[in-house]
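What follows is a short report on a single structure.
Computation of the quantities below employed the complete heavy-atom set of this structure, encompassing side-chain atoms and omitting hydrogens, waters and symmetry-equivalent molecules. Heads up: numbering here begins at 1 and tracks the sequence.
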Amino acid sequence: MPDELTIHIYPSDCDTAGHVNHAVLLGFLERARWAALEKHMPFEDYIRRSQWAVIRHVEISYKKPARPGDDFIVRTGLVSIGNTSFTVNQSARNQHGDPVLEAKVVYVTLSTDGKPIPVPEEWREIFSPWED
């Protein structure tokens, strides 16, 4: 089952139109991915490794604005693993169950010198599997 994180939206998260703009939403998605990662690998363990996961591609489809007072509920789960990359899906809804966005994030694994390397075996279970 995908991991979930709830983020309460405050007026300071919003732009002058009264909704959360895409840059802030990207930050919320990043926070949810780190929260999911920390369930399986503490940040201290991740940072000590000789390999990194960096974002190669992000696709986002916005469905409904997120507004102050909403609870932004993000689901995060692993969709697929290739040789040097893996893909994570994310979806967000508000507290009423209305879809806010869907995202697909592709990571590539790199060595410390910046060259692509195979996804480490222990990373194959780093995120919970995605389920629709």
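The distance from atom CG of D70 to atom CD1 of I7, rounded to the nearest 0.5 Å, is 12.0 Å. One distance of note links CD of E121 with CD1 of I81; it measures 8.5 Å at 0.5 Å rounding. Of the inter-residue distances, the one linking L25 atom CG with I60 atom CD1 reads 7.5 Å to the nearest 0.5 angstrom. With rounding to the nearest 0.5 Å, the separation of CZ in F28 from CD1 in I9 is 5.5 Å. Atom OG of S91 is separated from atom CD of E102 by 6.5 Å, given to the nearest 0.5 angstrom. The OG1 atom of T76 lies 10.5 Å from the CD atom of E30; values are rounded to the nearest 0.5 Å.
For the pair L29 and L101, the minimum side-chain heavy-atom distance is below 4.5 Å. Counting heavy atoms from C-beta outward, Y107 and V88 have side chains that approach closer than 4.5 Å.
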message = Apply side-chain contact (heavy atoms from CB on, under 4.5 Å) to residues W52 and T112 and explain how you reach the verdict.
response = CA-CA 7 Å; W52 307 94; T112 54; 3.6 Å; yes
inquiry  = Run V105 and I55 through side-chain contact (heavy atoms from CB on, under 4.5 Å) and show every step you take.
reply    = CA-CA 7 Å; V105 182; I55 293 175; 3.9 Å; yes
request  = Kindly determine whether H22 and Y62 satisfy side-chain contact (heavy atoms from CB on, under 4.5 Å), including the steps that lead there.
outcome  = CA-CA 9 Å; H22 73 279; Y62 298 101; 3.0 Å; yes
ask   = Where do K104 and T87 land on the side-chain contact (heavy atoms from CB on, under 4.5 Å) test, with the steps shown first?
value = CA-CA 7 Å; K104 179 170 88 170; T87 303; 3.4 Å; yes
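Side chain of T6 to backbone of I73: no donor-acceptor contact under 3.5 angstrom is found. The backbone N or O of T84 sits less than 3.5 Å from a side-chain atom of T109, completing a donor-acceptor pair. Of the possible donor and acceptor atoms, none in the side chain of D45 sits under 3.5 Å from a partner among the backbone N and O of R48.
A tilted orientation is assigned to the rings of F86 and F127, their planes being inclined by 30° to 60°. Using cut-offs of 30° and 60° for the angle between ring planes, the F43 and W34 rings count as perpendicular.
The side chain to side chain donor-acceptor pair (under 3.5 Å) test with D71 singles out one residue from H8, Q95, R93, and that residue is H8.
Cluster membership for V100 and V24, using ILVMFWY side-chain heavy atoms within less than 4.5 angstrom, is shared. Hydrophobic clustering of Ile, Leu, Val, Met, Phe, Trp and Tyr side chains at less than 4.5 Å, counting indirect connections, keeps V106 apart from V79. Each of W130 and V58 belongs to its own hydrophobic cluster when Ile, Leu, Val, Met, Phe, Trp and Tyr are linked at side-chain heavy-atom distances under 4.5 angstrom.
Taking each heavy atom of P120 and Q51 in turn, the nearest pair found is CG-CG, 3.6 Å. Closest approach of A32 and L5 over heavy atoms only: CA-CD2, 3.6 Å. A pairwise comparison of heavy atoms in R67 and C14 identifies C-SG, 4.4 Å as the closest pair. Closest heavy-atom contact between G82 and R124: O-NH2, 4.0 Å. The shortest heavy-atom contact between G18 and P68 is O-CD, 3.3 Å.
For the residue pair Q90/R75, the side-chain donor-acceptor check at 3.5 Å is not satisfied.
Qualifying salt bridge (charged side-chain N to carboxylate O under 4.0 Å, His left out) partners for E44, counting only residues two or more places apart in sequence or in other chains: none. For S128, the side-chain contact (heavy atoms from CB on, under 4.5 Å) criterion is met by D3, H40, not counting sequence neighbours. By the salt bridge (charged side-chain N to carboxylate O under 4.0 Å, His left out) test, D98 is found to be paired with K64, residues two or more places apart in sequence or in another chain being considered.
A salt bridge links E122 with R49: at least one charged nitrogen is closer than 4.0 Å to a carboxylate oxygen.
Annotation for R56: atom CZ does not count as buried by contact number, only 12 or fewer foreign heavy atoms lying within 6.0 Å.
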